Number of protein chains: 2
Amino acid sequence: MVAKGPASADSARTRILDSAERIFVQKGFVGSSLRAITSAAGVNLAAAHYYFGSKQGLFKAVFCRCLAPINEQRLLALDTLLRENPKPDLRDILAAFLRPVMLHSNQDTLDLMAQMTAEPEELTNPILAEQFGELVTRYTAGLQLVFPKMREQELNVKLTFVIGAMLQTIFNRSFFINVDEVSKEEKCQQLLNFSVAGFLNNDQPGIPKEVELHD
Amino acid sequence: MVAKGPASADSARTRILDSAERIFVQKGFVGSSLRAITSAAGVNLAAAHYYFGSKQGLFKAVFCRCLAPINEQRLLALDTLLRENPKPDLRDILAAFLRPVMLHSNQDTLDLMAQMTAEPEELTNPILAEQFGELVTRYTAGLQLVFPKMREQELNVKLTFVIGAMLQTIFNRSFFINVDEVSKEEKCQQLLNFSVAGFLNNDQPGIPKEVELHD
DNA sequence: GTCTATATTGGGATAGAC
DNA sequence: GTCTATCCCAATATAGAC
């Protein structure tokens with residue numbers, strides 16, 4: 001986008017991204033063929049290689065186009081939060097993390113995120129490291145401000161619960177439990193309530209209480 | 001197993017199932033080839049078709065061999081619970097649901113379950129309906145005994161959170177959050193604590209309180 | 001920058017010998 | 001019940017014309 005290219009070229013590239021997004025979401029990486037993607041985009045097979053080099057390159061471009069804006073929002077929200085309050089509230093942190101995902105309007109993006117856990121690791125590991133590494137590090141640090149005495153392992157496990165609940169909720173395909181009639185806003189509220197309560201809970205038999213809220 | 005067949009035939013069938021389980025877990029359905037599976041099993045390609053009819057048939061056989069025993073345990077535990085106490089405890093119900101999964105020793109089985117959400121729907125829908133339909137119906141009914149006034153939608157959403165947290169925790173591949181050093185037992189305890197607290201929580205802004213615990 | 005044509009590889013399934 | 005050989009199809013990737 002630095003130099004002004006021909007309009008047709010840019011729209012061909014975008015059309016490939018658009019149809020790739022749709023088909024990757026429906027069929028997964030291995031189940032999607034460049035032929036299906038390019039013919040749905042109305043361009044030639046060779047165009048995909050010209051613009052993205054390989055099927056992997058195309059997948060990465062699709063994923064980053066979807067996820068980068070969301071994760072920027074999440075980091076910006078966390079920054080704002082910590083700047084205003086060096087001892088942040090648990091609910092605010094979780095909201096900063098969950099809202100950009102839960103309230104997002106593009107279902108493809110949500111499905112794509114949820115589906116990443118089942119794609120081939122060779123494909124996903126470099127992409128996830130790039131797109132989620134800093135996010136996880138900084139949110140973990142933020143949560144440690146709220147729970148300064150909680151063991152890191154316990155914090156990681158709880159964060160895993162929250163992420164799992166989030167992914168299962170946004171994903172279009174459930175284990176035969178229909179939540180389609182619940183609005184995005186209500187799901188987000190419920191997930192926040194559920195997660196805050198789960199995080200604060202501490203009566204584990206045989207495990208000493210270590211939570212200490214500020215103030 | 002009704003009639004006594006030749007030992008070699010039965011062990012060939014089992015060897016195919018074993019290597020299929022391993023490879024399906026690693027590569028997913030689309031990413032696994034019958035050729036890779038049969039050659040890893042030390043049998044001929046045609047043997048897979050002879051015993052299982054098709055790649056789909058083999059996948060279903062693998063999945064059911066793994067999951068059927070777990071879901072039988074879950075239903076049996078629920079039955080026992082409800083027979084002993086017609087007004088069951090929330091924690092007991094969730095434990096009956098989660099324990100057979102969380103404490104299971106075969107990692108392939110756990111990964112297979114977690115990966116199902118991302119496999120092609122044409123493949124998974126019939127299998128999931130058969131293996132999880134009754135389970136979800138009966139556990140939902142059990143939870144309604146605990147929360148007789150909770151809207152069914154809200155109950156479904158919360159159950160989705162629990163299942164998502166479970167799947168994310170048992171899955172071998174996380175979003176760069178390492179929980180490998182935590183024992184299965186501790187993860188199970190933490191998930192139970194988290195889920196019970198999340199279920200009981202009810203202070204949703206703008207949504208009326210409807211939870212009513214028995215007694 | 002966009003196309004056609006093709007090289008190369010690998011997939012599921014089946015026929016038919018033994 | 002187990003094998004070999006093969007049919008048929010689809011995939012990624014690239015070479016090279018325009």
Side-chain angles (χ1 to χ4, degrees), chain A residues 1-63 119-120 122-124 126-127, chain B residues 1-63 119-120 122-124 126-127:
Chain A
M1 286 301 193
V2 178
K4 188 169 136 212
S8 64
D10 198 82
S11 84
R13 191 178 184 279
T14 304
R15 279 206 313 279
I16 296 175
L17 279 173
D18 289 341
S19 75
E21 178 182 314
R22 191 163 27 84
I23 294 179
F24 279 143
V25 162
Q26 283 170 0
K27 306 271 190 181
F29 179 76
V30 197
S32 304
S33 70
L34 288 179
R35 296 177 132 82
I37 291 169
T38 50
S39 82
V43 302
N44 192 273
L45 169 63
H49 285 98
Y50 174 76
Y51 285 111
F52 303 99
S54 68
K55 191 182 175 185
Q56 281 210 22
L58 174 55
F59 184 86
K60 185 178 175 185
V62 167
F63 188 82
E119 297 288 3
E122 319 85 74
L123 174 72
T124 60
I127 300 178
Chain B
M1 281 304 194
V2 178
K4 189 169 136 211
S8 64
D10 198 83
S11 85
R13 191 178 184 280
T14 304
R15 279 207 313 280
I16 295 175
L17 279 173
D18 289 341
S19 77
E21 178 181 314
R22 190 164 28 83
I23 293 178
F24 278 143
V25 163
Q26 283 171 358
K27 305 271 188 180
F29 179 76
V30 197
S32 304
S33 71
L34 287 179
R35 295 176 135 87
I37 291 169
T38 50
S39 83
V43 303
N44 191 273
L45 169 63
H49 285 97
Y50 175 77
Y51 286 112
F52 302 100
S54 67
K55 192 183 176 185
Q56 282 212 22
L58 173 58
F59 184 85
K60 185 178 175 183
V62 167
F63 188 81
E119 296 288 3
E122 320 84 74
L123 173 73
T124 60
I127 301 178

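Keep in mind that this is a model prediction, so the values were computed, not measured. So you know, we letter chains A, B, ... as the sequences are listed, proteins then strands, and number each from 1.
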Round to the nearest Å and state the distance from [X] atom [atom1] to [N] atom [atom2].
| X | N | atom1 | atom2 | answer |
| --- | --- | --- | --- | --- |
| B/R15 | D/dG1 | CZ | P | 15 Å |
| A/K55 | D/dA13 | NZ | P | 8 Å |
| B/I37 | C/dG11 | CD1 | C1' | 12 Å |
| B/F52 | C/dT14 | CZ | P | 16 Å |
| A/L34 | D/dT14 | CG | C1' | 13 Å |
| A/Y50 | D/dA17 | OH | C1' | 16 Å |

Fill in: Contact nearer the 5' end of DNA chain D, comparing B/V43 with A/G53
B/V43
Residues in side chain to side chain contact (heavy atoms under 4.5 Å, CB included) contact with [X], at least two apart in sequence or another chain:
| X | result |
| --- | --- |
| B/A41 | B/R15, B/I16, B/S19, B/V43 |
| B/A36 | B/I23, B/S33 |
| A/A20 | A/F24, A/I37, A/L58, A/V62 |

Worksheet item: Hey, is the side chain of A/S33 poking within less than 4.0 Å of OP1 or OP2 on D/dA11, counting only N and O atoms?
Response: yes
Discussion item. Starting the side chain at C-beta, find the nucleotide from D/dT2, C/dG12, D/dA13 nearest to A/H49.
Written reply: D/dA13
Discussion item. Using the side-chain heavy atoms of A/Y51, tell me which of these nucleotides is nearest: C/dG1, D/dA13, D/dG1.
Written reply: C/dG1
Worksheet item: With a 4.0 Å cut-off on heavy atoms, is A/S32 in touch with a base, just the backbone sugar-phosphate, or nothing at all?
Response: sugar-phosphate
Fill in: Partners meeting salt bridge (charged side-chain N to carboxylate O under 4.0 Å, His left out) with A/K55 (sequence neighbours left out)
none
Practice prompt. Sequence neighbours left out, what passes salt bridge (charged side-chain N to carboxylate O under 4.0 Å, His left out) with A/K60? Give chain and number order.
Written response: A/E130
Worksheet item: Can B/F52 and B/L17 be said to form a side-chain contact (heavy atoms from CB on, under 4.5 Å), step by step?
Response: CA-CA 10 Å; B/F52 302 100; B/L17 279 173; 3.7 Å; yes
Look for any protein N or O under 3.5 Å of an N or O in nucleotides 4-8 of chain D and output each such pair with its distance, or none.
unit_1, atom_1, unit_2, atom_2, d
D/dT4, OP2, B/N44, ND2, 2.9

Worksheet item: Any side-chain heavy atom of B/K27 within less than 4.5 Å of one from A/V30?
Response: no
